[in-house]
Trainee: 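Right, I'll just put the structure down here and ask away after.
Chain letters run A, B, ... following the sequence lines, proteins first, then strands; residues in each count from 1. These figures come from a predicted structure and were not determined experimentally.
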Amino acid sequence: MDIPKTYDKNREAEIYARWEKAGYFRADAASDKKPYTIMIPPPNITAKLHMGHALNNTIQDILIRFKRMQGFEALYMPGTDHAAIATETLVVKALAEQGITKNDIGREGFLKKLWEWNELYGGTIINQLKRLGFSCDWGKQRFTMDEGLSDAVLETFVSLYNEGKIYRGERLVNWCVKCRTSISDAEVEHEDKESSIYHFKYPIDGEADSFIAFATTRPETMLGDTAIAVSPDDSRYAALVGKFAYIPMCDRKIPIIADSYVDPEFGTGVVKITPAHDPNDFEVGVRHNLPRINILNDDGTINENGGAYNGKTREEARLKIIEEMTERGLYIKTEPLSHAVGEHDRCGTVVEPLMKLQWFVQMEELAKPALEAYTSGELRFNRERFGKIYKNWLDNIRDWCISRQLWWGHRIPAYYCPNGHITVAKIAPAACGTCGDTNLTQDPDVLDTWFSSALWPFATLGWPQKTPELEKFYPTDVLVTDRGIIFHWVVRMVFSGQKFMGELPFKDVIVHGTVLDEIGRKMSKSLGNGIDPLDIIEQFGADVLRLMLVNGNAIDSDTRFFSERLEPTRNFLNKLWNATRFVLMNLEDYHGYESGENVARETEDRWILSCLNRLITEVTENLEAHELGHAAKKIVDFIWDEFCDWYVEMVKPRLYSKSNDATAKASRKAAQATLREVLIAAVKLLHPITPFITEDLFLALRNPANPSTEYGREMQSVMLSHWPDFTGCNFDNPAAEKSIERVKEAVRGIRAVRTEKQVPPSQKISVVIIPADTDANDLFANAKAALALLAGAATVDVNAANSEPPAGAISVVVSGATIYLPLDSLVDTEKERARLSKEKKKLEQELARIDSKLSNEGFVAKAPPSLIETEREKRENFAAMLAKVETELKGT
RNA sequence: GGUCGGUUAACUCAGUUGGUAGAGUGCCACCUUGACGUGGUGGAAGUCGCGAGUUCGAGUCUCUCACCGACCACCA
């Protein structure tokens, strides 16, 4: 049989194509199996996938494959997001490079460009997902702007509108002067900036030489001031309340009012009020019925309300006003100030609060059940702190501004007639619903991109239609997402699901960390420190990337993408590949034993099966609990340490035995059966994480007589075979485990001496073991052949207990035996005494530690009995070993 | 300003109900033994950020502080 020494990662694409062709990822709504559903967080069609997607989707695919193997009808629903503003910005930029603007090509032409963009990037993303091995049901793939989702969006909008939960109103919105659109609070990033605070004073109207001093960080907004406010409790200004201040630039008198919003301790205790350009001032304005003067155009320049400043930019106006105030003797001073400035997260432009007529979703009532779901414990987060983020957001919920002044997105289904009536309908109405006027225009704005993704868990399944898919697969089982979009997305899916499906869209939320670069920074385009998953796949394969991303990692903490971790991961898969190769090479005359059949198993067989049994239990538990890092690490450790380093080595003498003796043959077959069984189970456990290589290995192990058989139609893939489960096989075997642990201890002891004495592996030594009792005698006698191989011995003699030790030998005391290595020429009495003394000291220290513990009344009284028992057993063992060491010391 | 996270071997990180500190990489020494040198064997290496507390016992629980990081936030 000819199997290459290394796994060919280039087979991944071929294996994937095979799966896809066979329809293994298809989830059937008519199936009798229990459903298990995960919705992919639809990637934005803005660019290629990055490492964050790779992690996010790997977690999902592991869970999906695990559940599919467990016999669930598992649906991994794929799709993409149109990402309204993000994509539009990119396309605008791309057009600008050709000297084209949106208006040049018009709405229709522009949208055509966007659909072309979607074809290109949406397609790229899908191919990347496939390349990473994700087992999505591609037949069900959706896009947030496709027909079905668009219908769901309209349905939602109309229904919320009819309920009065969507309204249109003039409010202060976050306005991006560059993108010329409103954005939601969540899209505003606050960053502390070094800027200045300017101190001015306004004259008090009608009183010569009387002024009121205040400070502002935005002098240009003075043009829109409609009041001056002080604290009601501030005696300093009490006399001024009710009087008027005078704004010279605008020739405007504004009232001096008292409002509790003002903190008398801060600054001068005086705040200028600009209701049209500051959210707090807006509130104050509402309370005091102040006029709202909008001084800005959509592009951020001063409008006609700014009088002489009309047409100037924000920055120009600011300087000019400072100048003018100075000339008028009303400027006091400028101080440096570090304060938070809101910026648009997409373009970095300073956000301007602006009065606008926009569409809003009234959040108060929708938020209540969403909050209740969390506080009642129905909605769970994998870490409590993520739940707190969720709760905090809902506690401070504000109405959601959903209109965007963009073209790419779901156009708002509101139609206006010349008489000022609004008609909201899914299908463009022929006439105004109020006055019957047929001259209607549709609102030019589109909806916030999250409006559609909020519906993702059920709209993708066919809602508002009552489809079999919706019936079968909703609610989904778990949502896996990045920390960054808990409130953007998770919150909105929750209340949407509750509102329209009457049921939470999922009960478990897994929030994972961010993939950082090698020095702990976020990967970003601007830093140029991003790593393309496809580059890694090109070099190492998807299996390596997937395993590396989860192995040993705490799911909730950020992880650095450390390229040095790739090689060890690849090495592991190579190790697994070769372990399988070894097993296959030794199965040539194997004619099949099925699990549970009566096989002449030996102690090491029972040991490895016992370890495997525990591994399966633990890995299953870990996966159920979404602790992928633990699961992966345990499988890797088992395969490498227990299986390869110990079991395979121990079993070699049995495999290589040429004896035709019936016992020897039975023993060989038992070894073959165990090797195969254990490896098949291990490969299955690993399959959700590294699906490609395990598929190949499984198929080979299934049919060892002809492992190179091409994937036949009748052959099932790994994912459809069952998740390993040894319940009822009685493989749990503590006695075998204890025995093998002793063998391992003996082997390590001998190896340590060999290394110390620099005995090369090629030099075979003889070993004499004098066991402490009959149990140990049986154990070591049975393990003679394995011991010989593992310790590089030509002969292993197990003498009777208490028999005379050989002369001139180095002695090693282990649990249950003293081992003698007759290495006459190498024995140096002085050094031996030193070594044994060191050993003695170590044992004495161990004993002292245990004794102090056991003689501690508090410990004996309060520690769990099992722990005390363990300590006593250890004490016994150490005491016996110490006695042996002392005997040896006397002998030298 | 508020909330949260991190601080464990030279490096990157695990450490699931508190019970004698682990892995990988790197380093040192040895080895091509019939699966694998993308390998094997042995080894060195940590006062678990500082200080205190609870406990028979603390990397693990509580508090203080320090440094790093994330998020939230309307203080002019």
Trainee: Under 4.0 Å between any heavy atoms, over every strand shown, what does A:P279 touch: base, sugar-phosphate, or nothing? Just pick one.
Mentor: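 A:P279: no heavy atom of the nucleic acid under 4.0 Å.
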Trainee: Across the strands shown, which category fits A:D278 at heavy-atom distances under 4.0 angstrom: base, sugar-phosphate, nothing?
Mentor: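 Nothing: the residue A:D278, judged by heavy atoms under 4.0 Å, touches no strand.
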Trainee: Which part of the nucleic acid, if any, lies within contact of A:K5, taking any heavy atom under 4.0 Å across all strands shown: a base, the sugar-phosphate backbone alone, or nothing?
Mentor: sugar-phosphate
Trainee: Expressed as a whole number of Å, how far does the P atom of B:G22 sit from that of B:G43?
Mentor: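 Result for the P pair: 14 Å, nearest Å.
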Trainee: P atom, B:C71 versus B:U54: distance in rounded Å?
Mentor: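 Nearest-Å result for B:C71 against B:U54 at atom P: 39 Å.
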Trainee: So A:P864, base contact, sugar-phosphate only, or nothing? Heavy-atom distance under 4.0 Å.
Mentor: base
Trainee: Please state the P separation for the pair B:C11 and B:G49 - nearest whole angstrom.
Mentor: 14 Å
Trainee: Determine, step by step, whether A:R849 and A:E846 satisfy the salt bridge (Lys or Arg N to Asp or Glu O under 4.0 Å) criterion, reporting the C-alpha distance in whole Å, the side-chain angles of both residues, the deciding distance to 0.1 Å, and the verdict.
Mentor: CA-CA 5 Å; A:R849 190 186 56 76; A:E846 292 288 355; 3.6 Å; yes
Trainee: Which is true for A:Y656 with a 4.0 Å heavy-atom rule: it touches a base, it touches only sugar-phosphate, or it touches nothing?
Mentor: base
Trainee: Charged N to carboxylate O under 4.0 angstrom, A:R570 versus A:E567?
Mentor: yes
Trainee: Say we look at B:G59 and B:G19: how far apart would their C1' atoms be, to the nearest angstrom?
Mentor: 13 Å
Trainee: Quick one: do A:R318 and A:E220 make a salt bridge, cutoff under 4.0 Å?
Mentor: yes
Trainee: Can you tell me, in whole Å, how much space there is between the C1' of B:C13 and that of B:G57?
Mentor: 27 Å
Trainee: Decide whether A:S184 and A:E187 meet the rule of one side-chain donor and one side-chain acceptor closer than 3.5 Å.
Mentor: yes
Trainee: What is the nucleic acid contact for A:R751, judged by heavy atoms within less than 4.0 Å: base, sugar-phosphate only, or nothing?
Mentor: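 A:R751: backbone/sugar contact only, no base atoms under 4.0 Å.
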Trainee: Which residues within residues 636-644 of chain A lie with some heavy atom under 4.0 Å of an atom in RNA chain B?
Mentor: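 The stretch gives A:W640, A:C644 as the residues lying under 4.0 Å from the strand, ordered by number.
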Trainee: Here's one to test your reading of the geometry: is the NZ or CZ of A:R751 within 45 degrees of the ring axis of A:W646 and under 6.0 Å from its centre?
Mentor: yes
Trainee: For nucleotides B:U20 and B:C56, find the distance between their C1' atoms and express it as a whole number of Å.
Mentor: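 15 Å, rounded to whole Å.
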Trainee: At a heavy-atom distance below 4.0 Å, which nucleotide of RNA chain B is the first touched by chain A, and which is the last?
Mentor: B:C4 to B:A76
Trainee: Judged by each residue's nearest nucleotide on RNA chain B, which is more toward the 5′ side, A:E857 or A:V262?
Mentor: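 It is A:E857 whose nearest nucleotide is closer to the 5' end.
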Trainee: Within a radius of less than 6.0 Å around CD of A:E624, do more than 12 heavy atoms belonging to other residues, nucleotides or ligands occur?
Mentor: yes
Trainee: Hey, does A:E649 reach any base, or is it just sugar-phosphate, or nothing, if we go heavy atoms under 4.0 Å?
Mentor: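 Answer is base: heavy atoms of A:E649 come under 4.0 Å of a base.
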Trainee: NA contact type, A:R754, heavy-atom cut-off 4.0 Å: base, sugar-phosphate, or nothing?
Mentor: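 No contact at all - A:R754 keeps every heavy atom at 4.0 Å or more from the nucleic acid.
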Trainee: So, is the end of the A:K575 side chain (NZ or CZ) under 6.0 Å from the ring centre of A:F643 and within 45° of the ring's axis?
Mentor: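 No.
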Trainee: By the 4.0 Å heavy-atom rule, please label A:A861 as base, sugar-phosphate, or nothing.
Mentor: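 Nothing, no heavy atom under 4.0 Å.
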Trainee: Between A:S563 and A:E518, is any side-chain donor less than 3.5 angstrom from a side-chain acceptor?
Mentor: yes
Trainee: Is the backbone N or O of A:I3 less than 3.5 Å from a side-chain atom of A:R581, with the two atoms forming a donor-acceptor pair by type?
Mentor: yes
Trainee: Taking atom types as modelled and ignoring hydrogens, do the side chains of A:N553 and A:R565 form a donor-acceptor contact shorter than 3.5 angstrom?
Mentor: yes
Trainee: Parallel, tilted or perpendicular for A:F381 and A:Y374, by the 30°/60° rule?
Mentor: perpendicular
Trainee: Once you apply a heavy-atom cut-off of 4.0 Å, does A:R570 come out as touching a base, just sugar-phosphate, or nothing?
Mentor: base
Trainee: Over all strands shown, is A:V648 touching base, sugar-phosphate only, or nothing at heavy-atom distances under 4.0 angstrom?
Mentor: base
Trainee: Should stems be defined as at least three consecutive Watson-Crick or G-U pairs with both distances under 3.5 angstrom, which of them involve RNA chain B?
Mentor: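 When the pairs of RNA chain B are grouped into runs of at least three, the stems are B:1-7 with B:66-72, B:10-13 with B:22-25, B:27-31 with B:39-43, B:51-53 with B:61-63.
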Trainee: Just by modelled atom types, is the A:E265 backbone N or O under 3.5 Å from a matching donor or acceptor in the A:D263 side chain?
Mentor: yes
Trainee: Return the 5'-most residue of the pair A:K764, A:E518 with respect to RNA chain B, ranking by each residue's nearest nucleotide.
Mentor: A:E518
Trainee: Are A:Y202 and A:D225 linked by a side-chain donor-acceptor pair shorter than 3.5 Å?
Mentor: yes
Trainee: Can you check the distance between B:C63 and B:A58, where both ends of the measurement are the C1' atom (answer in whole Å)?
Mentor: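 Between the two C1' atoms, the distance is 14 Å.
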Trainee: Need one value for A:F487: base, sugar-phosphate or nothing, where a base atom within 4.0 Å counts as base even if backbone is also close, heavy atoms only.
Mentor: sugar-phosphate
Trainee: Base, sugar-phosphate alone, or nothing: which one does A:T6 contact when heavy atoms must sit under 4.0 Å apart?
Mentor: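 Answer is base: heavy atoms of A:T6 come under 4.0 Å of a base.
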Trainee: What interatomic distance, in whole Å, is found between C1' of B:C65 and the corresponding atom of B:A29?
Mentor: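 The answer is 45 Å between these two C1' atoms.
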Trainee: Which part of the nucleic acid, if any, lies within contact of A:A215, taking any heavy atom under 4.0 Å across all strands shown: a base, the sugar-phosphate backbone alone, or nothing?
Mentor: sugar-phosphate
